[in-house]
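Reckoned from all heavy atoms, side chains included, excluding hydrogens, waters and symmetry mates. Just so we're on the same page: letters track the sequence lines, and every chain starts at 1. The structure presented is a predicted model; accordingly, all values stated were derived computationally and were not measured.
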Amino acid sequence: MQHQLKSITSRIVSQLYHQEILPEQVQVNIPPKDFPFDFTIVAFTFAKLAKKSPDQTANEIGAELIKEMPELDHYEVVKGFLNLRLKDAYWIGVFDAEVNNPLFGALPPTGKKVMVEYCGPNTNKPLHLGHLRNIFIGHSMASILKAAGHEVVKVNIYNDRGVHICKSMLAYQKYGNHETPESSGEKGDHLVGEYYVRFEQELRKQVSEIIAQGLTEEAAKKQAPLNKEISEMLLKWEKGDTEVRNLWQTLNQWVYQGFEETYRKIGNDFDKAYMESATYLLGKTIVAEGLERKFFFKKPDGSVWIDLTADGLDQKVLLRADGTSVYITQDLGTADVRFKEYAPDVMIYTVANEQDYHFKVLKLVCQKLGRPYANGIHHLSYGLVDLPTGRMKTREGTVVDADDLLDEMDLTAAQKTREVGKIENFSETEQLTLFHQLGLGALKFYILKVDPKKRIIFNPEESIDFHGFTGPFIQYTHARICSVLRKAAERSISGGRQCRHS
RNA sequence: GGCCCCGUAGUUCAAUGGAUAGAACGGAAGUUUCCUAAACUUUAAAUGCAGGUUCGAUUCCUGCCGGGGCUACCA
């Protein structure tokens with residue numbers, strides 16, 4: 001209807017005042033709720049063309065509109081705003097058409113393919129609250145784009161190699177005693193995460209011992225035997241050493257299994273997972289290609305750079321002096337692989353705003369290289385999640401673990417539900433399902449109601465609130481609507497629709 | 001230092017450049033024969049500061065003040 005209003009109004013204005021007006025230039029608003037009208041056309045912009053007062057212009061447009069549109073009941077002009085009221089029959093028609101449409105609100109197919117990347121965890125520790133915000137944003141963005149008629153591919157990216165991954169591997173090798181998720185009864189990602197922490201602890205011990213002998217912290221870190229062992233392990237990994245690779249495979253499998261369990265818990269799924277271990281080498285060849293084509297340059301020490309000062313940025317390193325790849329190298333390789341596999345029109349990266357700069361660089365580099373997908377790169381940037389006490393810090397142990405949080409939400413939901421009662425007829429399974437629906441709904445809504453680009457201060461107590469503008473309250477409202485429909489059906493009142501649980 | 005993001009009731013969040021800045025929680029005052037009292041009704045309460053553009057600015061521009069981030073041969 002808004003489109004129709006725009007195009008008809010633009011034609012009327014063009015005819016009345018002999019000035020070409022495009023439909024997009026017509027502003028159609030919803031009036032404030034006290035006004036008994038459906039739409040408002042803003043006439044100020046046309047008053048200038050008409051060389052008449054806004055009120056007079058609005059009246060002239062209104063008079064023409066009512067001649068042309070049979071759906072229009074009446075209009076009224078207030079201070080240059082042309083308020084329109086449509087006939088009840090029109091709205092009843094809209095309602096009848098939509099009431100039994102299971103795809104209410106969905107748009108027709110656009111033929112466009114959009115890839116949405118989100119989550120992107122390291123494989124050395126469990127998911128935390130920050131990942132949950134990322135996943136909720138990415139997953140809902142994918143759903144929205146799908147409803148908007150696009151073909152959507154949901155992808156994850158695992159940062160599964162590098163120094164930090166070796167840390168948990170080395171600690172496991174040293175102190176693991178062949179412990180497994182089965183033998184310890186721990187979720188795989190949590191188990192591996194413990195060895196990552198263990199490594200950091202042991203390293204700190206070594207460093208402080210060396211500092212006690214009179215060395216600076218920097219020198220101590222370099223000298224620490226554990227750090228040397230890490231470098232050796234990374235080197236072995238890159239060479240494909242069987243033992244190291246097997247260890248890597250084993251630990252990463254445990255982590256993936258742990259992640260999968262968490263994804264299931266929050267109702268998330270991916271169409272495809274990419275591994276940086278599989279694309280970082282390709283990234284290197286892309287850098288070599290750019291170097292050959294003179295888009296990049298090599299410094300005397302052998303490192304490769306791109307000069308983006310003309311674009312308002314700095315010079316950025318693309319390959320280290322020793323020839324190993326950096327963060328962006330992998331992203332270049334991954335982007336190429338994705339385009340080959342899916343040829344998406346748009347690639348959306350759901351990544352926190354601390355990486356705004358990185359994605360500016362990535363897009364620019366792809367543009368310089370003339371990649372066909374370069375202009376379709378879009379960074380869906382979101383704010384970090386802080387706690388009332390400040391930023392989450394691994395070192396200070398203030399990171400909120402995703403699994404712990406989800407369990408806590410369910411427990412609180414259970415507690416609050418039991419207080420109210422009303423679940424006497426529920427089986428054990430039904431109760432658990434309900435608690436989880438409530439707990440997860442509360443958390444998702446609490447996080448998604450905030451503009452993604454704003455940072456969130458996560459307050460555990462508020463997140464689990466069941467009153468006011470919250471997930472559980474919407475669920476409660478849904479339940480009551482279903483109840484009304486059920487009763488209507490019992491009394492054979494027709495015209496309603498089946499209640500759908502979705 | 002340079003660049004980017006944020007700043008709205010006591011609190012947590014809304015508002016394609018449009019009319020009287022909306023909700024919720026919390027505060028105050030009420031509602032029991034009626035759809036689930038996990039509810040409802042009424043009420044007080046806010047655009048960081050100073051300019052500019054505009055018929056009109058929470059929104060766009062400039063400066064300042066506050067908060068955060070980036071500016072690594074970490075990822």
Inset, instruction - Mind checking A:Gln330 for me? I need base, sugar-phosphate or nothing, with any heavy atom below 4.0 Å counting as a touch. - result: sugar-phosphate
Legend entry - A:Phe199 CZ - B:C74 C1' separation (whole Å): 14 Å
Inset, instruction - Nearest whole angstrom, please: distance from the P of B:C74 to the CG of A:Asp331. - result: 16 Å
Inset, instruction - Write down the distance separating the P atoms in B:U11 and B:C65, rounded off to the nearest Å. - result: 23 Å
Inset, instruction - Quote, to the nearest angstrom, the C1' distance that separates B:A39 from B:A21. - result: 28 Å
Legend entry - Evaluation steps, side-chain hydrogen bond (donor to acceptor under 3.5 Å, both in side chains), between A:Asn375 and A:Gln367: CA-CA 7 Å; A:Asn375 292 329; A:Gln367 283 172 333; 2.8 Å; yes
Legend entry - Any donor-acceptor pair under 3.5 Å from A:Asn122 side chain to A:Asn124 backbone: no
Inset, instruction - Please answer whether the main-chain N or O of A:Lys299 pairs with a side-chain N or O of A:Ser303 as donor and acceptor at a distance below 3.5 Å. - result: no
Legend entry - Gap in Å between the two P atoms, one belonging to B:G10 and one to B:A44, rounded: 15 Å
Inset, instruction - Classify the nucleic acid contact of A:Phe81 as base, sugar-phosphate or nothing, counting any heavy atom under 4.0 Å across all strands shown. - result: base
Legend entry - Watson-Crick and G-U pairing of RNA chain B written in dot-bracket, each distance under 3.5 angstrom, with | for inter-strand partners: (((((((..((((....[...)))).(((((.......)))))....(((((..]....))))))))))))....
Legend entry - Candidate nucleotides B:C70, B:A75, B:A19, ranked by approach to the side chain of A:Pro31 - the nearest: B:A19
Inset, instruction - Provide, to the nearest angstrom, the distance between the CD atom belonging to A:Gln25 and the C1' atom belonging to B:G17. - result: 15 Å
Inset, instruction - In whole angstrom, give the distance that lies between atom CD1 of A:Ile328 and atom C1' of B:A72. - result: 13 Å
Inset, instruction - Please measure how far the P atom in B:U41 lies from the corresponding atom in B:A46, and state the result in whole Å. - result: 23 Å
Legend entry - B:C64 versus B:G17 - spacing of their C1' atoms, nearest Å: 24 Å
Legend entry - Side-chain donor or acceptor of A:Asn59 paired with backbone N/O of A:Asp55 under 3.5 Å: yes
Legend entry - Within the 6.0 Å centroid threshold, strictly below: A:Tyr158 and A:Tyr256: yes
Legend entry - Spacing of A:Met392 atom CE relative to B:G69 atom P, expressed in whole Å: 13 Å
Inset, instruction - Answer with yes or no whether the side chains of A:Glu60 and A:Tyr17 bring together a donor and an acceptor at under 3.5 Å. - result: yes
Inset, instruction - Considering only NZ, NE, NH1 and NH2 on the basic side and carboxylate oxygens on the acidic side, decide whether A:Glu238 and A:Arg161 come within less than 4.0 Å. - result: yes
Legend entry - Per A:Gln27 side chain, nearest of listed nucleotides B:G69, B:G18, B:C55: B:G18
Inset, instruction - Assign A:Val326 to base, sugar-phosphate, or nothing according to its heavy-atom contacts below 4.0 angstrom with the strands shown. - result: sugar-phosphate
Legend entry - NZ/NE/NH1/NH2 to OD/OE distance under 4.0 Å, A:Lys368 and A:Asp311: yes
Legend entry - Footprint string (nucleotides 35-47 of chain B, 5' to 3'): B base within contact, S backbone only, - free, heavy atoms under 4.0 Å: BB-BS--------
Legend entry - Which residue lies more 5' along RNA chain B, comparing A:Asn29 with A:Gln355 via nearest heavy atoms: A:Asn29
Inset, instruction - Would you check if A:Phe44 stacks with the base of B:C55, given a 5.5 Å centroid limit and a 30° plane limit, both strict? - result: yes
Legend entry - Nucleotide B:G68, atom C1' - distance to CG of A:Leu384 in whole Å: 9 Å
Inset, instruction - Run the salt-bridge test on A:Glu194 and A:Lys125 with the 4.0 Å N-O cut-off and return the result as yes or no. - result: no
Inset, instruction - Using a strict 4.0 Å threshold on nitrogen-to-oxygen distance, state whether A:Glu232 and A:Lys236 make a salt bridge. - result: no
Inset, instruction - Classify the nucleic acid contact of A:Asn122 as base, sugar-phosphate or nothing, counting any heavy atom under 4.0 Å across all strands shown. - result: sugar-phosphate
Legend entry - Whole-Å C1' distance, B:U71 and B:A14: 34 Å
Inset, instruction - Mark up nucleotides 4-14 of chain B, 5' to 3', with B wherever a protein heavy atom is under 4.0 angstrom from a base atom, S wherever such an atom reaches only the sugar-phosphate, and - elsewhere. - result: SSSS----SSS
Inset, instruction - May I ask you to say whether A:Glu354 pairs ionically with A:Arg391, meaning some side-chain N is under 4.0 Å from a carboxylate O? - result: yes
Inset, instruction - For B:G68 versus B:G27, give the span between their P atoms, rounded off to a whole number of Å. - result: 31 Å
Inset, instruction - Give one of base, sugar-phosphate or nothing for A:Asp386, where a contact means two heavy atoms less than 4.0 Å apart. - result: nothing
Inset, instruction - May I ask you to say what A:Asn159 touches in the nucleic acid, namely base, sugar-phosphate or nothing, with a heavy-atom cut-off under 4.0 Å? - result: sugar-phosphate
Inset, instruction - Record whether the side chain of A:Thr470 comes under 3.5 Å of the base of B:A24 through a donor-acceptor pair of N or O atoms. - result: no
Legend entry - Side-chain donor/acceptor of A:His379 to backbone N/O of A:Val351, under 3.5 Å: yes
Legend entry - Nearest-nucleotide comparison on RNA chain B, the residue closer to the 5′ end among A:Tyr327 and A:Thr40: A:Thr40
Legend entry - Nearest-Å distance for atom pair CD/C1', residues A:Glu354 and B:C74: 12 Å
Inset, instruction - For the residue pair A:Glu76 and A:Asn83, confirm or rule out a side-chain donor-acceptor distance under 3.5 Å. - result: no
Legend entry - Side chain A:Asn83 and base B:A19 donor-acceptor under 3.5 Å: yes
Inset, instruction - Check the distance between B:C3's C1' and A:Lys316's NZ and give it to me in whole angstrom. - result: 11 Å
Legend entry - Salt bridge flag under 4.0 Å for residues A:Glu200 and A:Lys167: yes
Inset, instruction - Pick the P atom in B:U20 and in B:G1, then give their distance to the nearest Å. - result: 42 Å
